[in-house]
Amino acid sequence: MPQLQYDPHEIEPRWQELWARERTWQVANDPPAGAEASPLGARADAGADGRSSYVLEMLPYPSGEPHIGHLKVYSVGDAIAHFQRRLGRRVLHPMGYDSFGLPAENHAIKTGVHPRESTTQSIASFQHQFHSWGISIDWSRELATHEPEYYRWTQWIFLELLRAGLAYRKQAAVKWCPKDQTVLANEQVDAEGRCERCGALVEVRQLEQWFFRITDYAERLLGDLDAIDWPEYVKTMQRNWIGRSEGAEVTFRCEELGIDYPVFTTRPDTLFGATFFVMAPEHPDVVRLVEGTAREAEVRAYVNHAIAESGEERGSAERPKSGVALGRTVTNPVNGEQIPMYVADYVLMEYGTGAIMAVPAHDERDYAFARALHLPIRRVIEGTDPDQAQDDDGLPYSGDGPLVDSRPDFDGMPNRQALAAIVAWLDREGKGHASVSYRLRDWLVSRQRYWGTPIPVVHCERCGIVPVPEDELPVRLPDIDDYLPKGRSPLATAEEWVHTTCPACAGRARRETDTMDTFVDSSWYFLRYCDAHNERAAWSREALAQWMPVDQYIGGVEHAILHLMYARFFTKALADMGRLDFQEPFSALFTQGMVTKDGAKMSKSRGNVVSATSIVQRLGADTARCYILFIGPPDQDADWSDEGVEGVHRFLARLWRLAAETAGRGEPEPHAAPAGTAHAPSRQPAHAPAGTGDENDLALLRKAHWAIDKVSGDLRRFAFNTAIAAVMELLNECSRLRASVQLQTLRFALATAASLLFPFAPHVCADMYERLEGERVWEQPWPHADPALLERDTYELVCQVNGRLRDRVQAAADASPQELKELCLAASNVRAHIDGKQIVKEVVVPGKLVNLVVR
RNA sequence: GCGGCGGUGGCGGAACGGUAGACGCGAGGCCCUCAAAAGGCCUUGUCCAACAGGGCGUGUGGGUUCGAAUCCCACCCGCCGCACCA
């Protein structure tokens with residue numbers, strides 16, 4: 001017999017072509033009831049419940065070609081999709097490209113190719129790779145966010161939000177990236193105040209921009225986190241980002257000028273300890289308060305200096321406090337005290353009202369400021385922080401305790417109780433009320449960049465901002481050559497495009513020249529897949545009803561806040577507008593870890609990039625996919641090893657070779673059971689005839705059923721690494737027993753291995769299964785472990801003395817505790833350890849062990 | 001500082017409170033071969049011991065338990081997120 005050689009380069013294209021030709025992974029909407037829309041559709045197999053399942057990986061930014069990270073997400077997603085299909089579900093598993101926006105445009109600028117062209121190239125490269133990886137995609141629903149057929153509906157959603165009052169324009173201090181020459185959303189600026197995309201230090205500019213009113217949804221975005229099956233840490237990140245604080249808004253009045261200044265505080269119980277009042281440098285009233293006074297010059301200088309500083313310089317808690325007096329006072333509403341006003345850069349304009357009451361005795365920052373400027377400090381809550389040194393005055397104190405030095409009716413009251421009482425009093429007096437504040441800001445969506453969805457409004461000299469009528473959508477992105485960012489939108493140079501007429505009055509008007517943030521495009525794409533070719537609407541409710549919400553969403557942690565929060569906001573807003581019937585887009589989320597090399601993130605500058613393409617070319621897609629899942633738990637970071645991937649390749653080669661040899665030892669049997677019902681339970685008798693009584697056959701059969709059980713459980717908990725290890729064990733057992741079992745037992749075991757490994761290595765498994773069984777493995781139901789074969793007649797009983805392993809003996813599965821104890825006592829090594837000692841306790845765990853406690 | 005996750009052989013990693021180290025990599029030995037590649041077989045936590053067997057072992061120190069990598073307390077280290085948010 002010639003040596004059979006595993007050749008992925010022959011096997012993989014063959015199956016890929018078949019799947020493409022037959023459109024195997026395509027699913028239609030709305031299958032006719034009772035008809036055979038899917039070979040597995042309505043069968044009563046184990047696990048088949050006829051439900052549909054929407055498995056979705058985050059869509060890629062098509063720049064360059066896919067890397068190892070893409071290989072990982074889509075390997076994870078494809079394993080889940082295949083498993084769901086074989087459990088009998090109709091699975092929607094589509095693909096698209098996030099081809100508009102900064103990532104694609106920056107790539108284009110770097111390579112000097114027009115974004116339209118470079119995007120098209122990248123998409124072609126991604127398509128080609130996904131095909132050669134054998135990912136089971138329904139290509140009939142493919143989309144790209146830069147196509148007019150798609151962004152037409154992005155524009156429609158923008159207009160819907162505008163109509164609902166959720167899209168608006170305002171002048172604001174916004175984050176500006178000097179390198180990308182555009183404004184950024186708060187979410188796109190990292191902790192050091194750098195641009196999330198290019199790393200440049202971000203500046204603050206006063207500009208008029210478009211916003212989405214995501215803050216209206218803060219409470220629901222927070223509350224509904226409880227209802228979704230997401231990793232806890234992602235929920236925590238979203239909760240932190242929303243940053244809900246409960247407290248009160250309290251009005252402090254500047255009597256001289258007759259102006260009320262509300263402040264937000266989480267500690268109204270400390271109001272009596274307020275000894276001064278501080279405003280943010282950006283507060284519009286700061287300069288007005290000192291105009292024409294002796295303080296004006298000093299205040300102006302301070303404000304100018306503070307505003308010029310970057311967020312990075314200003315943002316540190318360790319930095320010494322600075323500020324200057326405004327020479328004015330406000331009235332503390334609870335006691336009528338006149339307290340001095342200051343301007344200081346530790347107060348942020350973006351949070352609360354941009355002004356605070358300062359209680360140095362009970363707030364660290366106010367305390368530091370008071371010490372720096374020698375301001376009075378008044379303790380109004382008694383208590384000691386256990387961590388604080390004995391010799392200081394115990395201030396600032398932020399713990400609980402009774403009120404002191406406040407007002408007779410509150411003094412002595414526990415502070416939490418006093419808090420409620422004081423808020424109630426303020427409310428009655430009209431000087432304040434309970435209030436909730438959020439850290440979340442409205443989403444700034446306009447960008448002064450070329451490669452994005454045009455914002456579909458015109459600016460009319462007479463009518464102001466006018467939405468483009470729906471039937472004129474899409475507002476097409478004009479082709480322009482000079483798209484480099486230069487501070488104002490490149491679209492402004494397309495004169496012919498910009499000049500238009502007003503849809504309302506037919507007068508002269510100019511088109512909006514800003515484009516939308518990329519994250520707008522990706523905030524609804526999962527809806528479009530459900531009804532990808534609808535030309536009359538973004539989607540139909542019937543189509544959504546079949547698939548949404550997404551059952552399993554898969555993607556990287558880097559989108560824990562941005563994309564995932566925006567998509568949730570869109571879903572809720574569209575549901576409120578009556579366009580959707582659900583509140584959350586992604587019922588379950590799985591976040592996969594990064595693939596590193598030599599412990600470091602792969603990057604071109606480090607020179608440690610492993611090319612997914614070359615691995616697939618060299619060893620095949622099955623090896624690459626299996627290895628990336630075998631390397632470790634998929635939600636954790638994993639380090640790529642060139643030796644490790646070879647090991648997985650050897651495993652697949654051994655498996656395939658043994659399967660091919662075994663298949664060559666005889667024709668596939670004529671099927672005892674009709675195709676399609678040929679799954680483990682019904683097929684078993686044919687493969688394991690009763691009465692063979694052969695120990696090795698039984699052992700191999702048991703191992704196969706053990707593997708079925710193990711892989712099924714592991715797949716449900718995304719433990720792909722141990723699932724693959726289980727199939728390796730099954731193969732090892734096959735190899736060990738190959739010469740000493742009946743052909744049909746070996747064939748069954750190998751077919752089972754192929755069946756179980758199929759979600760991870762589809763090509764080689766399809767090939768093996770066809771050789772062994774003459775059937776298409778993906779049309780077979782997921783195998784079912786026979787409980788009778790998972791149980792054993794005898795097992796290895798662990799014998800412990802004082803909790804230490806001393807011996808192992810064979811015990812009958814149905815042995816009584818008494819019998820087990822006797823077995824253990826009879827074990828020779830146990831006797832050596834209990835000899836001459838007194839047994840004070842016996843612990844018998846049937847099926848496991850006996851522990852004898854001796855003295 | 002706050003929150004989350006983690007710390008197990010030479011390495012990646014397995015282990016419902018019940019045989020620690022599955023599976024793989026690497027390493028060593030052997031078989032096949034004229035030779036090599038490929039493939040196959042065996043060994044591989046550590047120390048004592050020829051073997052049998054035993055001691056020690058899951059970041060550190062305590063605790064609970066017949067029994068702890070696993071549960072509890074305190075701490076150390078690493079990674080991630082948040083952080084002058086009133």
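Predicted model, so just to flag it, every value in this text is computed and none were measured. Each chain gets a letter, A, B and so on, in the order its sequence line appears, and its residues count up from 1.
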- Checking B/rG24, B/rU19, B/rA86 against the side chain of A/F264 (C-beta onward), the nearest is B/rA86

- Note on the structure: Picking from B/rG18, B/rC66, B/rG81, the nucleotide nearest the side-chain atoms of A/V853 would be B/rC66

- Note on the structure: Taking a pair to mean Watson-Crick or G-U wobble geometry with both distances below 3.5 Å, B/rG81 pairs with B/rC2

- Is A/G647 touching bases, backbone alone, or none of the nucleic acid, heavy atoms closer than 4.0 Å? sugar-phosphate

- Rounded interatomic separation in angstrom, taking CG from A/L730 and P from B/rG24: 12 Å

- For B/rU44, the Watson-Crick or wobble counterpart (both distances under 3.5 Å): B/rG26

- Message: Between A/R625 and A/D622, does any side-chain N to carboxylate O distance fall below 4.0 Å?
- Response: no

- Query: On the ring face of A/Y346, is A/K321 found with NZ or CZ under 6.0 Å from the centre and within 45° of the axis?
  - Reply: yes

- Message: Pairing donors with acceptors under 3.5 angstrom, does anything connect the side chains of A/T251 and A/D260?
- Response: no

- Query: Across all strands, who's sitting opposite B/rU65 as a Watson-Crick or G-U wobble pair, both distances under 3.5 Å?
  - Reply: none

- Upstream residue (5' side of RNA chain B) when A/A725 and A/Y438 are each assigned their closest nucleotide: A/A725

- Message: Apply ring pair (Phe, Tyr, Trp, His ring centres under 6.0 Å) to residues A/F630 and A/F651 and explain how you reach the verdict.
- Response: CA-CA 12 Å; A/F630 178 67; A/F651 157 64; 8.0 Å; no

- What is the distance from CG of A/D637 to C1' of B/rC80, rounded to the nearest Å? 9 Å

- Note on the structure: Tested for side-chain contact (heavy atoms from CB on, under 4.5 Å) against A/M357, the lone hit among A/V250, A/D363, A/V278, A/L271 is A/L271

- Return the nearest nucleotide to the side chain of A/V843; candidates are B/rC25, B/rG18, B/rG24. B/rG18

- May I ask you to say what A/R654 touches in the nucleic acid, namely base, sugar-phosphate or nothing, with a heavy-atom cut-off under 4.0 Å? sugar-phosphate

- Item | Options B/rG39, B/rA86, B/rG81, nucleotide nearest the side-chain atoms of A/V347 | B/rA86

- How long is the line joining OH of A/Y351 and C1' of B/rA83, in whole Å? 13 Å

- Message: Using salt bridge (Lys or Arg N to Asp or Glu O under 4.0 Å), reason through A/K710 and A/E729 one step at a time and then give a plain yes or no.
- Response: CA-CA 11 Å; A/K710 173 79 177 145; A/E729 282 194 58; over 6 Å; no

- Query: For B/rG24, does the glycosidic angle fall within 90° of 0 (syn) or outside that (anti)?
  - Reply: anti

- In whole angstroms, the gap separating P of B/rG1 from CG of A/D363 amounts to 18 Å

- Message: Expressed as a whole number of angstroms, how long is the span from A/R804:CZ to B/rG54:C1'?
- Response: 10 Å

- Note on the structure: Of the candidates B/rG3, B/rG81, B/rU19, the side chain of A/T236 sits closest to B/rG3

- Query: In the strands shown, is B/rG39 matched to any nucleotide by a Watson-Crick or G-U wobble pair with both distances under 3.5 Å, and which?
  - Reply: B/rC31

- Item | Polar side-chain contact A/N851-B/rC66 base: donor and acceptor under 3.5 Å | yes

- Note on the structure: The residue, A/D807 or A/S735, whose nearest nucleotide of RNA chain B is more 5′ is A/S735

- Message: Using whole Å, what does the distance between atom P of nucleotide B/rG18 and atom CG of A/L805 come to?
- Response: 15 Å

- Item | Reported OG1-to-CG distance for the pair A/T270 and A/L419, which is rounded to 0.5 angstrom | 8.5 Å

- Task: Classify the side-chain pair A/D269/A/N415 by whether it contains a donor and acceptor separated by less than 3.5 Å.
- Result: yes

- Query: The side chain of A/R806 lies closest to which of these nucleotides: B/rC84, B/rG54, B/rG18?
  - Reply: B/rG54

- Note on the structure: Among the nucleotides B/rG39, B/rG12, B/rA22, whichever has the atom closest to the side chain of A/F630 is B/rG12

- Nearest-Å distance, CH2 (A/W230) to P (B/rG4)? 20 Å

- Consider the side chain of A/R717, meaning its heavy atoms from C-beta on, and name the nucleotide among B/rG18, B/rA15, B/rA22 that approaches it most closely. B/rA15

- A/P633 side chain, from C-beta outward: closest of B/rA22, B/rG13, B/rG18: B/rG13

- Nearest to the side chain of A/Y233, which nucleotide is it out of B/rG4, B/rG54, B/rC82? B/rG4

- Item | Separation of B/rG18 C1' from A/Y795 OH (nearest whole Å) | 12 Å

- Euclidean distance for P, B/rG24 against B/rC41 (whole angstrom): 11 Å

- Could you work out the separation of B/rA14 and B/rU58 based on their C1' atoms and round it to a whole Å? 12 Å

Short N/O separations, protein against nucleotides 46-52 of chain B, under 3.5 angstrom:
none

- Message: More than 12 heavy atoms of other residues, nucleotides or ligands under 6.0 Å from CZ of A/R855: yes or no?
- Response: no

- Is the phosphate of B/rA86, meaning OP1 or OP2, less than 4.0 Å from a side-chain N or O of A/R439? no

